[in-house]
Amino acid sequence: MLGLVELADTAPLFGLEQSYSEEVLQAAFEARMHDWIRAKDKCRALPDKRMCVLLNGVSSAGELELAAAKLQRLFVEPYEHMGKSVTMAVKVGFAPYNGNETTMSTALQNAAQALNKAKSSSRLFEIYSNTRAKLERDTVELLADLDTALERNEFELYFQPKVHAAFNNLVGAEALIRWVKADGEVVPPGRFIDTAEQNDIIKPLSWWTIKSAVSHLSRWPEQMSVAVNASPRLLLDSEIISVVLDALDIYSVDASRLTLEVTETVMIEDQGRMLETLAALRDHGVRIAIDDFGTGFSSLAYFRDLPADEIKIDQSFVRDMLVSKKDHAIVKAVIDLAHNFSLKVVAEGVETNEIADRLATLKCDVLQGYAYDRPMPVDEFELAYKLR
Ligand code: C2E
Ligand code: CA
Ligand code: CA
């Protein structure tokens, strides 16, 4: 938490010139501030009789109340000068500061805003709270918009080809959701999937995705498969099993042509139920891929215990593998290890032909990335790959 403490104006100390009086008071102010903070906190003087403090590990309103109470006690004591006492009054504005996400200058601006509020009230301090309130408002608005978008059928699946590394032929595609607004704006999933995933709307949204992906797949050649991203929340109950099986049944698509991509970071949180759901889907023939592999805390036991068929090496390793020896070593190790466990390996984020060639040499099975194509609307995809 960042605090901005301001000393209120006082009349000059008895017998002193204005500027000298201010210096003395400033020194007294700083001394009290140092009495206030703890060893792990930081404190720095700013212009205009202000001091900035970083209160380490203080984040809740309760902790702030305690800190502020101590500050109040310290400043209740009047300052004695030549037998006369002067009251030193302060006001404080607090703002969240986590050392990285919000920059220091934003936190300072926020604290200054809170300080102004405190100065115009009878309270000693105020906490900047706009962020949370605004975030909550934004979330509520987005969720309502997503709801309407579902009703109006504004979601669309884009498809990105997956290519066989050795034979260079199309083997399938990953279905990636887009929100196409009424005005034609195409909203990428990064702007709404996280919020959806933290709320129930992820279910209807995902059910739509699964059905839609399978319906497109049913019109494509038998040897083609489609991968759909599955949110962790969906795997915590068995509803997804019936949704998937119904879709495959309605469109008469073989289960082995559908892959569900689940992120590794999520899988590692163990959860028996998640593994059960995945195992059940797999028993029905659906393929399971571990997405973004390498970004979590993979252990070797993981390879042994996972109900998976495919590993997708995260693009962060693939991107730099020709310049970073370490990334290259990771990619190679993952491919070899996965093969030892009879898992297929997909590399994503393949942006150049050179990377594609190297991955083929390393015996990676399938490649996906801008080197081949970006995700595109279904019509374009079908046209480009002569699927209809
Ligand atoms: P992801 O599953 O890791 O998908 C791959 C992302 O990388 C896609 O972004 C894709 O457009 C992008 N990409 C593909 N090739 C390249 C490349 O060569 N270079 C670079 N820099 N990027 C590449 P997109 O479509 O914006 O999707 C972002 C994420 O949103 C996906 O990451 C996935 O986690 C999530 N997502 C997308 N569609 C769905 C969905 O229907 N349901 C759920 N639950 N999540 C989805
Ligand atoms: Ca994916
Ligand atoms: Ca991925």
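Every number for a ligand or one of its atoms is a count from 1 in the order of the listing.
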Of the protein's non-hydrogen atoms, which lies at the shortest distance from [atom], and what is that distance?
atom                    : result
atom 27 (O) of ligand 1 : P189 CG, 3.3 Å
atom 6 (C) of ligand 1  : Q315 NE2, 3.7 Å
atom 31 (C) of ligand 1 : L176 CD2, 4.2 Å
atom 39 (C) of ligand 1 : I177 CG2, 3.6 Å
atom 21 (N) of ligand 1 : E351 OE2, 2.9 Å
atom 15 (N) of ligand 1 : Q160 NE2, 2.9 Å
atom 11 (O) of ligand 1 : P375 CG, 3.2 Å
atom 45 (N) of ligand 1 : N229 CB, 3.7 Å

Is the centre of the [X] ring less than 6.0 Å from the centre of the [Y] ring?
X    : Y    : answer
F94  : F125 : yes
H216 : F381 : no
F192 : F155 : yes

Which of the atoms of ligand 1 are close to [X], meaning less than 4.0 Å from one of its heavy atoms?
X    : answer
E348 : 3 (O), 5 (C)
G369 : 15 (N), 18 (O)
T209 : 41 (O)
D292 : 3 (O)
E197 : 44 (N)

Is [X] close enough to touch ligand 1? Criterion: a residue heavy atom under 4.0 Å from a ligand atom.
X    : value
Q368 : no
G190 : no
E174 : yes
S231 : yes

Query raised in the report: Of all N/O/S atoms in D292, which lies nearest to the Ca ion (ligand 3)?
Result: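 Among the N, O or S atoms of D292, the one closest to the Ca ion (ligand 3) is OD1.
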Query raised in the report: Passes side-chain contact (heavy atoms from CB on, under 4.5 Å), L258 versus V253? Steps please.
Result: CA-CA 8 Å; L258 178 67; V253 168; 5.8 Å; no
Between [X] and [Y], a side-chain donor and acceptor under 3.5 Å:
X    : Y    : value
E382 : W220 : yes
E30  : Q26  : yes
H328 : D320 : no

Query - S242 OG to H284 NE2 distance, which is reported to the nearest 0.5 Å - result: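 Between S242 OG and H284 NE2, I get 10.0 Å after rounding to 0.5 Å.
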Query raised in the report: If we only count heavy atoms from C-beta on, is the E348 to Q160 side-chain gap below 4.5 Å?
Result: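 Side-chain contact under 4.5 Å: no.
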Does [X] come within less than 4.0 Å of [Y], counting only side-chain N to carboxylate O?
X    : Y    : value
D237 : R273 : no
E185 : R191 : yes
D35  : K70  : no

Query raised in the report: At the Ca ion (ligand 2), what's the angle from N229 OD1 to E174 OE2, rounded to 10 degrees?
Result: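 Computed angle, vertex at the Ca ion (ligand 2), rounded to 10 degrees: 90°.
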Report task. Give the contacting part of R178 toward ligand 1: side chain, backbone, both or neither, where contact means a heavy-atom distance below 4.0 Å. Result ->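 The answer is the side chain.
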Query raised in the report: Using heavy atoms and a threshold below 4.0 Å, how should the contact between T263 and ligand 1 be classified: side chain, backbone, both, or neither?
Result: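 Contact part for T263 vs ligand 1: neither.
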Report task. Restricting to N/O/S, name the atom of D291 that gets closest to the Ca ion (ligand 2). Result ->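 This residue's closest N, O or S atom turns out to be OD2.
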Query raised in the report: By atom name, which N, O or S atom of E261 is the nearest to the Ca ion (ligand 2)?
Result: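 Going through the N, O and S atoms of E261 one by one, OE1 ends up nearest to the Ca ion (ligand 2).
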Query raised in the report: Within the side chain of S85, is there an N or O that forms a donor-acceptor pair under 3.5 Å with the backbone of H81?
Result: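 Answer holds: no.
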Query raised in the report: Right, does atom 9 (O) of ligand 1 have protein non-hydrogen atoms nearer than 4.0 Å?
Result: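 There is no protein heavy atom less than 4.0 Å from atom 9 (O) of ligand 1.
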Requested in this report: Decide, counting backbone as well as side-chain atoms, whether E348 has an N, O or S atom less than 3.0 Å from the Ca ion (ligand 2).
Outcome: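 Not a single backbone or side-chain N, O or S atom of E348 is under 3.0 Å from the Ca ion (ligand 2).
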Requested in this report: Determine, step by step, whether Y79 and V24 satisfy the side-chain contact (heavy atoms from CB on, under 4.5 Å) criterion, reporting the C-alpha distance in whole Å, the side-chain angles of both residues, the deciding distance to 0.1 Å, and the verdict.
Outcome: CA-CA 10 Å; Y79 180 70; V24 174; 3.3 Å; yes
Query raised in the report: If Ile, Leu, Val, Met, Phe, Trp and Tyr residues are connected whenever their side-chain heavy atoms lie under 4.5 Å apart, and connections chain through other members, are L124 and I127 in the same group?
Result: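 Looking at the clustering, I127 is in the same group as L124.
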